[in-house]
Enquirer: 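Quick one: structure below, then a few questions.
Just the heavy atoms: all of them, side chains too, but no hydrogens, waters or symmetry mates, feed the values below.
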Amino acid sequence: MAYDEGLAELMRNDLVDVAGISEKRMFGGLCFMLNGNMLCGVHKGGGMARIGKELETKALEMNGIDPLSFTGRKMGGMVDVTEDAIADDETREKIIALAIEFVGSLPPK
């Protein structure tokens, strides 16, 4: 498996009561979708969250959160989340809340 199932389970548990959540395997990891839009997920070495460009500065102030760059190019509005940050309940809950705030404003797919 290309991602840590324990980290996925932590995110899954945080999202259990959020309506419109589904899971999709992609990019060698597991993504959680909100109404068909990518929300957050786990990959080898950590995870990611889609928080939008307006919330990016707020997210990057947290420990263990960096700009996402799978290919060496920064992906605006997306952040990389270290394994330690996902494992930390407070950080994980904050980053998921930012992702829900942004992705929840998008039209369903």
Enquirer: Dump the intermediate steps for side chain to side chain contact (heavy atoms under 4.5 Å, CB included) on Met38 and Met26, then the final yes or no.
Expert: CA-CA 10 Å; Met38 187 184 315; Met26 54 192 329; 4.2 Å; yes

Enquirer: Compare all side-chain heavy atoms of Asp80 with those of Ser69 and state whether any distance is below 4.5 angstrom.
Expert: no

Enquirer: So, taking the atom named CD in Glu83 and the one named CG in Asp4, what distance separates them when rounded to the nearest 0.5 Å?
Expert: 6.0 Å

Enquirer: For Glu9, is the CD atom crowded, meaning more than 12 foreign heavy atoms sit under 6.0 Å from it?
Expert: yes

Enquirer: Would you say Met33 and Glu23 make side-chain contact, with heavy atoms under 4.5 Å?
Expert: no

Enquirer: A quick test of your reading: do over 12 heavy atoms of other residues, nucleotides or ligands sit less than 6.0 Å from CG of Asn13?
Expert: yes

Enquirer: So how far is it from Lys109 NZ to Asn35 CG, rounded to the nearest 0.5 Å?
Expert: 11.5 Å

Enquirer: Does Lys74, at its NZ atom, have more than 12 non-hydrogen atoms belonging to other residues, nucleotides or ligands within less than 6.0 Å?
Expert: yes

Enquirer: On a heavy-atom basis, which atom in Ala8 and which in Val42 lie closest, and how many Å separate them?
Expert: CB-CG2, 3.7 Å

Enquirer: Roughly how far apart are Leu30 CG and Arg25 CZ, rounded to 0.5 Å?
Expert: 6.0 Å

Enquirer: Under the side-chain contact (heavy atoms from CB on, under 4.5 Å) rule, collect the residues that match up with Lys58, sequence neighbours excluded.
Expert: Leu98

Enquirer: How close do Ala99 and Ile51 get, counting heavy atoms only, and between which atoms?
Expert: N-CG2, 3.6 Å

Enquirer: If you measure from CE on Met48 to NE2 on His43, what distance do you get to the nearest 0.5 Å?
Expert: 7.5 Å

Enquirer: Would you say the side chain of Val81 lies within less than 4.5 Å of the side chain of Cys40, judging by non-hydrogen atoms?
Expert: no

Enquirer: Distance from Thr91 atom OG1 to Ile65 atom CD1, nearest 0.5 Å?
Expert: 6.5 Å

Enquirer: What are the two closest non-hydrogen atoms of Met11 and Phe32, and how far apart are they?
Expert: CB-CE1, 3.7 Å

Enquirer: Any carboxylate oxygen within less than 4.0 angstrom of a Lys/Arg side-chain nitrogen, looking at Glu56 and Lys53?
Expert: no

Enquirer: Say you draw a straight line from CG of Leu60 to CG of Asn63; how long is it, rounded to the nearest 0.5 Å?
Expert: 11.5 Å

Enquirer: Going by the rule side-chain contact (heavy atoms from CB on, under 4.5 Å), which residues pair with Thr82 if we only count those two or more places apart in sequence or in a different chain?
Expert: Asp84, Ala85

Enquirer: So, the side chain of Asn37 versus the backbone of Pro107: is there a donor-acceptor pair under 3.5 Å, distance only?
Expert: yes

Enquirer: Taking all non-hydrogen atoms of both residues, which atom of Ala59 and which atom of Val79 are closest, and how far apart?
Expert: CB-CG1, 4.3 Å

Enquirer: Could you pull out all residues at least two apart from Glu90 that satisfy side-chain contact (heavy atoms from CB on, under 4.5 Å)?
Expert: Asp88, Lys94

Enquirer: Please examine the side chains of Arg12 and Glu5, heavy atoms only from C-beta on, and report whether any two atoms are closer than 4.5 Å.
Expert: yes

